[in-house]
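Here's the structure we're looking at; comments come further down.
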Amino acid sequence: MAQSTLNRRALITGRVLTADRVVAPPGYEIASIIVQARPERLDALEAEIAALPGCEIHGRDPRGKLVVVTEAPDAGSLGTLLNTIQSLPNVYSAALVFHAIETT
């Protein structure tokens with residue numbers, strides 16, 4: 001398949017795409033997530049999050065906030081992890097506040 005010229009219409013209609021597989025760069029994704037939760041359930045929630053693969057608790061506010069640092073192999077896994085944390089019981093919100101790609 002010949003590569004189309006890059007213009008707005010070709011980009012919007014997908015004609016600039018090729019059948020070649022996109023390969024992610026080697027490395028991993030690191031992120032920080034701020035979790036707001038019910039203060040009286042913070043201990044249990046901290047244990048649940050720490051049990052998730054690649055998650056560490058790096059900060060805690062007794063008023064109901066946790067700082068979670070995580071490592072994932074790719075952006076899709078990172079998004080899944082963020083959604084998993086957001087859907088845990090007693091979590092009000094989970095917000096991505098830092099994201100970087102570390103190359104090996």
What's the separation between atom OG in S87 and atom CG in L82, rounded to the nearest 0.5 Å?
9.5 Å

Hey, does the side chain of Q86 reach the backbone of A94 with a donor-acceptor pair shorter than 3.5 angstrom?
yes

Minimal heavy-atom distance between I85 and V91, with the atoms involved, is O-CG2, 3.5 Å

Between C55 and L81, what is the shortest heavy-atom contact and its length?
SG-CD2, 3.6 Å

Check: residues 43-51 side-chain donor-acceptor pairs under 3.5 Å, at least two apart:
{"from": "D43", "atom 1": "OD1", "to": "R60", "atom 2": "NH1", "distance (Å)": "2.8"}
{"from": "D43", "atom 1": "OD1", "to": "R60", "atom 2": "NH2", "distance (Å)": "2.6"}
{"from": "E46", "atom 1": "OE1", "to": "R60", "atom 2": "NH1", "distance (Å)": "2.6"}

Value rounded to 0.5 Å, distance of CD in E40 from CG in N90:
7.5 Å

Do L96 and V68 sit in one hydrophobic cluster, given that two such residues count as connected whenever their side-chain heavy atoms are within less than 4.5 Å of each other, even indirectly?
yes

In Å, rounded to the nearest 0.5 Å, how long is the span from CD1 of I57 to OG1 of T70?
10.0 Å

Got a second to check how far L52's CG is from L88's CG, nearest 0.5 Å?
6.5 Å

Residues two or more places apart in sequence or in another chain: which of them pass side chain to side chain contact (heavy atoms under 4.5 Å, CB included) with E56?
H58

Taking only residues two or more places apart in sequence, or in another chain, which ones meet A72 in a side chain to side chain contact (heavy atoms under 4.5 Å, CB included)?
S77, L78

Just wondering, do I34 and V67 contact through their side chains at under 4.5 Å, heavy atoms?
yes

